[in-house]
Protein chains: 2
Amino acid sequence: MNDDLTARARIRDAAIKLFTERGIEGASIRDIATEAGVSSGLVRHHFGSKEALRAACDEYALGRMFELGRELVDEQGLENVNVATVQPVAFPLQTYLVRSMMDGSETASAMFLQTVSYGEEWARTHGVVTDDYRAWSAVIAVMKLGVYVLREQLELALGEDIASPAGYARMNRAFVDIFSQPLLTPEQAANLRKDNS
Amino acid sequence: MNDDLTARARIRDAAIKLFTERGIEGASIRDIATEAGVSSGLVRHHFGSKEALRAACDEYALGRMFELGRELVDEQGLENVNVATVQPVAFPLQTYLVRSMMDGSETASAMFLQTVSYGEEWARTHGVVTDDYRAWSAVIAVMKLGVYVLREQLELALGEDIASPAGYARMNRAFVDIFSQPLLTPEQAANLRKDNS
DNA sequence: CTCTTGACTACACGAGCGTGTAGTAGTTTG
DNA sequence: CAAACTACTACACGCTCGTGTAGTCAAGAG
């Protein structure tokens, strides 16, 4: 598959795939080369080093995510893009970025911080009740990303691929259910806040 | 520190620490031995192989988590142990188990599935509104574990160690805020459910 | 005192890693 | 036509890894 892509693009795609599955350290240049159907020397020829290959993957994934996000806003309007919605197309790229972030990518970390700042602003302007918007947004962000990091376990629990239409719909309905009803009564919340002050 | 522990226990603790920080593949037996202040041969003498060392760490962490959980129930009563509460003492062990699960531990995966089943039962008996309790519980579970996997990024966003009293309190208050108020209006929820059916 | 046992170390092994180097084939450029 | 450049491969390097082996040293048993 993807025989129509240039070798450089095939290497990049193979790297994103294996980096995601095995982590940065766990995926060797030789494995990536084999996956892309080229020699390991060619990987070095095109990208220079493993770290540079990773950086190129980061940049590509970030750029694509940005493009996809803009397309979504263009199609649906800014106000209809919701906290609960995740684009299925963006799944592999998002998963890669989270994995890369876990393995120390500053590019991915910067994107994460920007997401947190954006969520903070969203919370302020959409009537979220909290006295620590920053913490609220940061916790929401890591919780949402948890789906990507632990995708394998989620699929194990659901018995279904969450990239499939059925699995994706199940996951999104669960998101909607979780975010549309409070899990704690006001009394429980007040008690827990007292315990933690 | 921990000079009073037996060498075997020091190796186990060092392994849990480095496995957590660098992943299973990323932490070498030599590094673990150095961290524990022993020779690399002794690691092999006590545990046989790296995989067996990992299994021993899994078992120990699981046992300790179980003990800590039972202590919490004994102290506070079953009904007061809440979805939103996380024990600060259990932090390092929980983080290790999530990391081990990500790196393919079946012991940790089994614990995860049990947590999902337990959460499913909790949702059924506590008036959670959903037509897919399994998915609801699974998504809640991966979201909560996201905090552990992405702890580093969370601390980056908060500018604070979440194991510190202050950081821990911030995080827990955010949890309470998130779980005590709906983020979506009933109309928004209904629209999103329609889109995903 | 001798023997055994268990904690512990030193060292060597083959394999896989990222990287470096040399070279080939085909296209482009002057 | 010749020179230069680009895509690409083959192969060797030093390093680190998990593992295997041999041996030391102290404590307890007979």
Side-chain angles (χ1 to χ4, degrees), chain A residues 1-60 96 99-100 102-108, chain B residues 1-60 96 99-100 102-108:
Chain A
M1 49 168 169
N2 285 339
D3 284 343
D4 52 336
L5 291 177
T6 63
R8 195 175 197 280
R10 285 207 317 277
I11 292 171
R12 185 236 299 136
D13 288 353
I16 289 181
K17 182 184 173 207
L18 295 190
F19 282 158
T20 305
E21 286 175 7
R22 311 177 192 177
I24 310 295
E25 294 219 1
S28 74
I29 288 187
R30 285 167 175 84
D31 289 344
I32 291 168
T34 304
E35 174 81 21
V38 299
S39 74
S40 67
L42 191 61
V43 177
R44 177 166 171 74
H45 172 70
H46 278 302
F47 295 94
S49 73
K50 191 179 185 180
E51 188 50 40
L53 170 60
R54 193 253 274 264
C57 290
D58 281 359
E59 198 179 351
Y60 172 78
Y96 165 75
R99 182 79 212 212
S100 182
M102 279 190 59
D103 289 2
S105 160
E106 298 199 1
T107 306
Chain B
M1 53 167 168
N2 285 338
D3 285 342
D4 53 335
L5 291 177
T6 64
R8 194 175 199 279
R10 285 209 316 278
I11 293 170
R12 186 236 298 136
D13 288 353
I16 289 181
K17 182 183 173 208
L18 294 190
F19 282 159
T20 305
E21 287 175 7
R22 312 179 190 176
I24 310 295
E25 293 219 2
S28 74
I29 288 187
R30 285 168 176 83
D31 289 344
I32 292 168
T34 303
E35 175 81 19
V38 298
S39 73
S40 68
L42 190 60
V43 177
R44 177 168 171 73
H45 172 70
H46 278 302
F47 295 95
S49 72
K50 191 179 185 181
E51 187 52 39
L53 170 60
R54 193 254 274 266
C57 290
D58 280 0
E59 199 179 351
Y60 172 78
Y96 165 75
R99 183 76 212 213
S100 182
M102 279 190 57
D103 289 2
S105 160
E106 298 198 1
T107 305

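To find a chain, count down the sequence lines: A is the first, B the second, and so on, and within it residues start at 1. It should be emphasised that the depicted structure is a prediction, and the values quoted were computed from it without experimental measurement.
Going from atom CG of L53(B) over to atom CZ of F19(B) covers 4.5 Å, rounded to the nearest 0.5 Å. Taking CD1 from I11(B) and SG from C57(B), the interatomic distance works out to 10.0 Å, rounded to the nearest 0.5 Å.
Heavy-atom distances to DNA chain C give each of G48(A) and G37(B) a nearest nucleotide, and the one nearer the 5′ end belongs to G37(B). Where S40(B) and A7(B) each meet DNA chain C at their nearest nucleotide, the meeting point lying more 5' is that of A7(B).
In this structure, the side chain of R10(A) engages the main chain of A36(A) through a donor-acceptor pair within 3.5 Å.
The span of DNA chain C lying next to chain B, judged by atoms under 4.0 Å from heavy atoms, is bounded 5' to 3' by dA7(C) to dA12(C).
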For residues 41-50 of chain A, please give each side-chain donor-acceptor pair under 3.5 Å, one per line with the distance, not counting sequence neighbours.
residue : atom : partner : partner atom : Å
R44(A)  : NH1  : G48(A)  : O            : 2.6
S49(A)  : OG   : A52(A)  : N            : 3.1
K50(A)  : NZ   : I24(A)  : O            : 2.9
K50(A)  : NZ   : A27(A)  : O            : 2.9

* Please test R54(A) against S105(A) for side-chain hydrogen bond (donor to acceptor under 3.5 Å, both in side chains), starting from the C-alpha separation and ending with a verdict. => CA-CA 9 Å; R54(A) 193 253 274 264; S105(A) 160; 4.8 Å; no
* Yes or no on side-chain contact (heavy atoms from CB on, under 4.5 Å) for E25(B) and R22(A), after CA distance, side-chain angles and deciding distance? -> CA-CA 10 Å; E25(B) 293 219 2; R22(A) 311 177 192 177; over 6 Å; no
* Please test R12(A) against E59(A) for side-chain contact (heavy atoms from CB on, under 4.5 Å), starting from the C-alpha separation and ending with a verdict. => CA-CA 11 Å; R12(A) 185 236 299 136; E59(A) 198 179 351; over 6 Å; no
Protein-nucleic acid N or O pairs under 3.5 Å, nucleotides 16-18 of chain D:
residue : atom : partner : partner atom : Å
dC17(D) : OP1  : S28(B)  : OG           : 3.4
dG18(D) : OP1  : I29(B)  : N            : 3.4
dG18(D) : OP1  : K50(B)  : NZ           : 2.8
dG18(D) : OP2  : I29(B)  : N            : 3.0
dG18(D) : N7   : R30(B)  : NH1          : 2.7
dG18(D) : O6   : R30(B)  : NH2          : 2.9

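Look at H46(A) and you'll find a side-chain N or O under 4.0 angstrom from OP1 or OP2 of dC8(D). For H45(A), no side-chain nitrogen or oxygen approaches OP1 or OP2 of dC8(D) to under 4.0 Å.
Within 6.0 Å of atom CD in E21(A), more than 12 heavy atoms from other residues, nucleotides or ligands are found, so the atom counts as buried in its surroundings.
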